[in-house]
Every structure is written in C-alpha cells, then in structure tokens.
Participant: 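This is the structure I have questions about; it appears just below.
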2 protein chains.
Amino acid sequence: MSARQVTLAEVAKQAGVSLATASRVLNGSTRQVSEELSDRVLRTAEQLGYVPNASAQALARNSSSLVGLVVHDITDPYFSCIAAGVTRVAEEAGLVVVLGTTGRRPEREVELLSTLRAHRARAVVLAGSRTTDRVAQSRLAAEIDAFTEQGGRVACVSQAKLGTDTVVPGNRAGGRALARSLAELGHKKFAVLGGPSELVVARDRLAGFKAGLADAGVAPPVVINGAFTRDGGYEAALQLLSSKSRVTCVFAVTDVMAMGAMAALRERGVRVPEDMSIAGFDDIPTLRDTVPALSTVRLPLEQMGEIAAGLVLDAGGDEARTVRVAGEVVLRASTAHN
Amino acid sequence: MSARQVTLAEVAKQAGVSLATASRVLNGSTRQVSEELSDRVLRTAEQLGYVPNASAQALARNSSSLVGLVVHDITDPYFSCIAAGVTRVAEEAGLVVVLGTTGRRPEREVELLSTLRAHRARAVVLAGSRTTDRVAQSRLAAEIDAFTEQGGRVACVSQAKLGTDTVVPGNRAGGRALARSLAELGHKKFAVLGGPSELVVARDRLAGFKAGLADAGVAPPVVINGAFTRDGGYEAALQLLSSKSRVTCVFAVTDVMAMGAMAALRERGVRVPEDMSIAGFDDIPTLRDTVPALSTVRLPLEQMGEIAAGLVLDAGGDEARTVRVAGEVVLRASTAHN
DNA sequence: GCGTGGCGGGAAAGCGCTTTCCAGCGCTGC
DNA sequence: GCAGCGCTGGAAAGCGCTTTCCCGCCACGC
C-alpha cells in the first residue's frame, strides 16, 4: 500500500510534454494547447488515475476550494437545514464544505475561524447566533477581520453587527406578527419561553412579540428564560407550570424549545390547545409530524443557507450586503381560540 | 485589504532565527530548541498574528488534517446524529471535518471520495447505506482502493463488503427481536414498509423481521417498498391503507419512514395504536416528541459516528476491523396489545 | 591533548503545483 | 526582406512549509 501518488510530473513525462503544458491542459488555464498534446495529456492522466493534489494547488494559487460552515449543533434541525442549503450551493460551485461545530461556545467559534484561516478557506458561513457578550464579540470581530484581510469572505446568518454579508431573518417582525395573530385568537395572558438573554436572536423575537402584544392592547407576557434547546424549552415550561401565572398561550422563541415545552405540558396533563395554546418559531421540518401540529413563524431555512453561501461565493463589492428574509406566521392545530 | 499573509519566514526574520528553528518551535518537532530562541519565536509569532498555512504544511508533510464525512442527507436526523459523533471526535483530535452530501446518488459518493483524495484527506467516514447495485459498488470499491493506496483510511457505517473498517449495527438481529416483541403483543397480521429493495440496510432489517415473525410462528408480512425518506413512508402507508390487507401492526424500516407513515395514518383517521400499531428503527432523537411515542429499535447513532471516527483515526493494522453495535427494542406508546 | 558523541542551529533541498518569462515559429504589413 | 506580432511550448522561479544534512560547540573519556 501507500503506492506513491501519481503526480503531474509523471503524467507530463509519460505524455512526453512539459510540466507547464500538462498543467495547462488539466486545469482551465487561459492558454491554449494544441489538440494533439492536449489529447495525449488527458489520456495519460486518465490512464494513470491522476488526481491533482489540492494542497499543492492551493499553495501555488494561494487560494483553496474550501468553504467553512460554522454551526452550534448539527443535530439541531435549524442548523442542519441551513447546512443543507450551504452545501448544495458550495458543491454546485465545485467547492468543498468544512463543517465546524461550536457546541454553543463562543470561543470555539473564534478557534474554528482561525483554523479555517489556516486552511485558507475562501469563504465562511457563520450560522451561530450572535451574543451580546462584548468580549466574545470583539474577539470574533478581530478574527473575522483577520480572515477577510487575507482575502476570505464571511457571511453570517441572523443579524450581526460585524460588518459582514448577512442573511437576516425577520425575527422582530415575525415575533410581532405572531403576537398579533395570537391576540386575535382572543388570548389575553401570554408567556414567552425565551432563550438565554444574551442571544440576539432570542431577544429580537421576544422584543417583536412584546411589541405585537402592545399593538393589540394586551398585557406584557410572563418571560421565562431557558437554554436554547429542546431541554431548555422543557425546563422552562415546567417552570411556567409551577408558577402561579394563569396564561392561556405560550410562545417559545424556537421550534425546538417549543417541542420540549409541548413534552412538558403533555407530561403534566395540560392539553394543547384546549388548556394551553403554544407556538414556536422557525418552522423546522420535524414540525410536520408533531401532534398537535405546531403553530410557528416560517423561515425558509434551507434557502437561507443557500443565500448565505451565494453571498459569500460571488465576490461582490467591498460593501457588506444584507439580505432580509421574512418570516410568515403559520397557525396550525397547537393554537386555538380562547 | 488582502494584506499579505504572515509567513513563517517573516516570523523567523523578525525573531532573528532561521526558518528551521522557527518551524521547530511552532510545531511539535522532535528537536529541541533553546528556551531563549523558543520564547523569542513564540512571542513574535503571537505578535504578528502568525497562522501556519495548512496547505503548505499538508504539502510538505504529505498529509493533511482533513477528515471526510459522506452522508446522504444532512437534514436526516439519522445522519446528523452520526455527523455529530464524527465531528466531535475529529475536532478533539485537532482535525477538520469535510462534509459531503450525496443526495442518495451513488455516483456522487464516488465523486466525493475522489475530491477527498485530491485533498489528501487522511481519513473518510462513509455513512451512506450500501446498495446491491454491482456497478456502483465496484466503482466505489475502486475509488476506496485508490484512496487507501494513498495512505488514507476509510470506515463505513452500516455493513459493507468493501474491506474497510466498519461499524455494523445489528440490523438483522434488531429486526428479528422487534418482530418477536411485537408478536408477543398478540399481533398476527403484519406489514413492513421497506426501503428501496437495493438498499442493504433495508433488506437486512426486513429479513430479520421476517425471521422474527417466523420464530413466533406468525405469517409473513405484507411488504411495501417506498423511498427511504419521510415521504416514502407516507406514500407506502397510503398504499397499505388502500390495499385490502387487514394488518394490525406495521414496521417501517426507519424511524423517518415511520414518522411519514404515522402522518398518513393520522390523516386517514386510523388511530395509533388502537387501530394500528407501528414501530420504526433507529431511535432518532425527534422520536421523543412524537405522539404517540414511537416504538423502535434503538441504535446509539452519535456513538456510532464516534466509533467510526475512532476506527479511522487510530492507525490500526492493515486488517479491516468490524465493530458491531447492538440494537435494543424499545416499546413505546405506538404499539399496543392486539 | 585529542578523538567521540551529543546537541542546538542553520542552509538548503524538496513537496506538487501554477505562472511568468523566454524561445521559436509562421504571419502580416511596410 | 525584415521588424513586429500572435501563438504555442518549455524552463524555471516560486508558493510556505518540513526535514535532512551538515557544522560548530561543548563535555567526556582515555
């Protein structure tokens, strides 16, 4: 084993041409090569099973074919959908996706970016949600600068005041619209299961929701913060149930949290939607199969990944571009009239 | 922008040492360097924000820090769980994961492997399910050979007669055990929603299930084949309902298919488990939140990813190793006595 | 005192490509 | 007839590292 790899030099020699010619044939050089030589090179390359060494190419060209993708947790449907979108676009462009997971640790994000920089990734999509932690943010910003200085491009999914291209879901507007729809159903007493207070996404959705309630002349909601996960939603719901508040409708700031919350309600014998209405945010695909079907604000997750990848791949100007993606309220069986 | 990248040479010059010394300091060379020089190098590297060029390192060392991961569809929880396991192990080992998705097209698998070979990935985990398509299989085998020839390692998740390290879930045994458990509940008339007949995983689970029924002295099941997806399960279930067969229990060969089937049953007003019991296979995390909770055969998906990554990362002998992972029958609310 | 061996440091030869630069050649235009 | 041009092919200089090889130095043992 470990038969040494076929190199361009071997192909060239075998075909009786120079290294330069072989290189020109086997890669879309601007230079023309006569059909005869070209054929010969192609044939011998094929015959020898030649595969160019990507590292060498990257080194010589000073640019690689890697695209980074940084997510918190790939098992979370929110992220895996975005990942699907990003990989689709990247693969179509003949690029290769490097997947990094942070486990929700901001410092991991910085580490990953640095690794990606080491690999001279040509672009990175950051799909983690930004925090309000000043220190973490500034370190991240510094790393992003270093990355772009080197000629790499960065795009974020979800808002980030980081001066990068960004795909911004309508978190605030979505939350607001949802609140109004729910108020129209006659609910008067709301609870919100919010994520960790330092997450911008969570804050925006909450703020939007509050604004929507205010629009409808409804009292502000009870807010319970929990982890941004299924179990976080579960815990938060339990906490809500054990509190004295008599709410009739609860909004979990992500679908994943809402699923956890529904499990908690079910366990405690609280019927959805008869005793309690519940809604989430994102419209992850698994929602189709919950019972009752969960009301939510639909975000085109895969498409968001595609857009982010698109932004980051076509050069664009120096200007940071922002693409807004609207959320659409989808009322299903988990929310009823009150 | 595009301020040229800090190179080792610059660090060396700045620190007043040779290239060799700088290299030795900044990477775990076996050679010792005096503390004084070492300090100086480290300090200037830090100060200049030096990040080694991974491509150059890969080229010089003739080995990269890339690990490939090939899945059919990253949004499928089965694969995303495995992916989580693989990335965890890879990241701990300081490696970087390259994610490739095939969309269930066998030729894509070959392409991806070739790309990974171009990148001199040091290892690859193939998480797609093998098919019985001879041509596709032999092309894949050839590509795997080429990859290993080059010193890369390959591991497969799910059985593959490909001569690679393999993590083998107990598909047959799991199917068999499940069948027996279900027969014990008193069911006499079964249906199986099988995947495409050329998928080995699907076949094995089906075969095991049939064997289990035979063990219990129950008649063979009605078999309906559909796509290996949620919608495939949905369609297959509809087909089952419109057929004349009066079955009381249905086994979908994957949880994802089972979820689709449950949706179909729900739509048609067939109550689970009162009118029909249903069970799946895999125990994907989302199962926790279906109603009724789905009976299944539990596979430690994330762990399988970890094991595969482990196999592929620690050198091991030339021998192809096989790790068997047992499935455990988990009966939940979706299956009832008959 | 001098060969020996161990050790820290540097020069330089690659690793497998890309790309610049130059040589040769057949044209055109004066 | 020849300067000038466009075009194809090859030689060779990198790209940023790692690693071999060599050199000088010091501590030893005889």
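The sequence lines fix the lettering, A, B, ..., with proteins before strands; numbering per chain opens at 1.
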Participant: Of the nucleotides D:dT8, D:dT18, C:dG16, which one has an atom closest to the side chain of A:Asn53?
Facilitator: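 The answer is C:dG16.
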Participant: Find the distance A:Lys13:NZ to D:dG10:P and express it as a whole number of Å.
Facilitator: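 Going from A:Lys13 (NZ) to D:dG10 (P), I get 15 Å.
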Participant: Should A:Glu92 and A:Arg88 count as an ion pair when the cut-off is N to O under 4.0 Å?
Facilitator: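 Looking at A:Glu92 and A:Arg88, the cut-off is not met.
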Participant: Nearest to the A:Ala60 side chain among C:dG14, D:dT20, D:dG14, which nucleotide is it?
Facilitator: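 Selected nucleotide (nearest to the side chain): D:dG14.
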Participant: Can you confirm whether more than 12 heavy atoms, excluding those of A:Arg139, are under 6.0 Å from its CZ atom?
Facilitator: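 Open: at most 12 neighbouring heavy atoms sit under 6.0 Å from CZ of A:Arg139.
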Participant: Within this structure, what is the CZ-to-P distance between A:Arg24 and D:dG10, rounded to whole angstrom?
Facilitator: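 One finds 8 Å between P of D:dG10 and CZ of A:Arg24, rounded.
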Participant: Grab the CD-C1' distance between A:Gln57 and D:dC15 for me, whole Å please.
Facilitator: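 Answer to the nearest Å: 13 Å.
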Participant: Take the protein atom CD of B:Gln5 and the nucleotide atom P of D:dC15, then report the distance between them rounded to whole Å.
Facilitator: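 Computing the B:Gln5:CD to D:dC15:P distance gives 14 Å.
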Participant: So, B:Gln5 versus A:Asn62: side-chain donor-acceptor pair below 3.5 Å or not?
Facilitator: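 Short answer, no.
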Participant: Which residue lies toward the 5' end of DNA chain D, A:Gln32 or B:Ala20, if each is placed at its nearest nucleotide?
Facilitator: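 Nearest-nucleotide comparison on DNA chain D picks A:Gln32.
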Participant: Tell me if the side-chain of A:Arg120 makes a donor-acceptor pair with the base of D:dG16, cut-off 3.5 Å, by modelled atom types.
Facilitator: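 Answer is no: no donor-acceptor pair is held.
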Participant: A side-chain contact here means heavy atoms from C-beta on lying under 4.5 Å apart; do B:Glu91 and A:Leu112 qualify?
Facilitator: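 They are in side-chain contact.
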Participant: Do the side-chain N or O atoms of B:Ser34 get closer than 4.0 angstrom to the phosphate oxygens (OP1, OP2) of C:dG9?
Facilitator: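 Indeed, a polar side-chain atom of B:Ser34 lies that close.
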Participant: Using a cut-off of less than 4.0 Å, is there contact between a side-chain N or O of B:Asn27 and OP1 or OP2 of D:dT18?
Facilitator: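 For D:dT18, OP1/OP2 do have a side-chain N/O of B:Asn27 under 4.0 Å.
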Participant: So if I take every side-chain heavy atom of B:Arg31 and compare against C:dG8, C:dT19, D:dG9, which nucleotide ends up nearest?
Facilitator: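 Minimum distance to the B:Arg31 side chain belongs to C:dG8.
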Participant: Does any non-hydrogen side-chain atom of B:Val25 lie less than 4.5 Å from one of B:Leu37?
Facilitator: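 When only atoms from C-beta onward are counted, B:Val25 and B:Leu37 do not touch, as no gap falls below 4.5 Å.
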Participant: May I ask you to decide whether A:Glu10 forms a salt bridge with A:Lys13, counting only side-chain N to carboxylate O separations under 4.0 Å?
Facilitator: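 Salt bridge flag = no for A:Lys13 with A:Glu10.
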Participant: Please report, rounded to the nearest Å, how far the P atom of D:dT20 is from the CG atom of B:Leu19.
Facilitator: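 After rounding, the reported distance stands at 15 Å.
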Participant: Strictly below 4.0 Å, N to O, side chains only: are B:Glu143 and B:Arg117 in salt-bridge contact?
Facilitator: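 Between B:Arg117 and B:Glu143 there is a salt bridge, with a charged N closer than 4.0 Å to a carboxylate O.
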Participant: Considering only side-chain heavy atoms of B:Leu59, which listed nucleotide, C:dG16, C:dG10, D:dG10, is closest?
Facilitator: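 Taking heavy atoms from C-beta onward, the closest nucleotide is C:dG16.
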Participant: Let me know the distance between CG of B:Leu48 and P of D:dG16, rounded to the nearest Å.
Facilitator: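 The distance from CG of B:Leu48 to P of D:dG16 comes to 14 Å, rounded to the nearest Å.
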Participant: Hey, is the side chain of B:Thr21 poking within less than 4.0 Å of OP1 or OP2 on C:dG10, counting only N and O atoms?
Facilitator: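 True: B:Thr21 side-chain N/O within range (under 4.0 Å) of C:dG10 OP1/OP2.
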Participant: Go through D:dT18, C:dG10, C:dT19 for me and flag the one nearest to the A:Arg61 side chain.
Facilitator: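 Comparing D:dT18, C:dG10, C:dT19 against the side chain of A:Arg61, the answer is C:dT19.
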Participant: Among B:Thr164, B:Asp165, B:Asp314, B:Thr148, which residue meets the side chain to side chain donor-acceptor pair (under 3.5 Å) test with B:Arg153?
Facilitator: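 The option that passes is B:Asp165.
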Participant: Take atom CG of A:Asn62 and atom P of C:dT18, then tell me their distance rounded to the nearest Å.
Facilitator: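 A:Asn62 atom CG is separated from C:dT18 atom P by 14 Å.
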Participant: Taking N or O atoms only and anything under 3.5 Å, show me the protein contacts with nucleotides 25-28 of chain C, one pair per line.
Facilitator:
none

Participant: Between P on C:dC7 and CD on B:Glu35, what's the gap in Å once rounded to a whole number?
Facilitator: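 That distance rounds to 17 Å.
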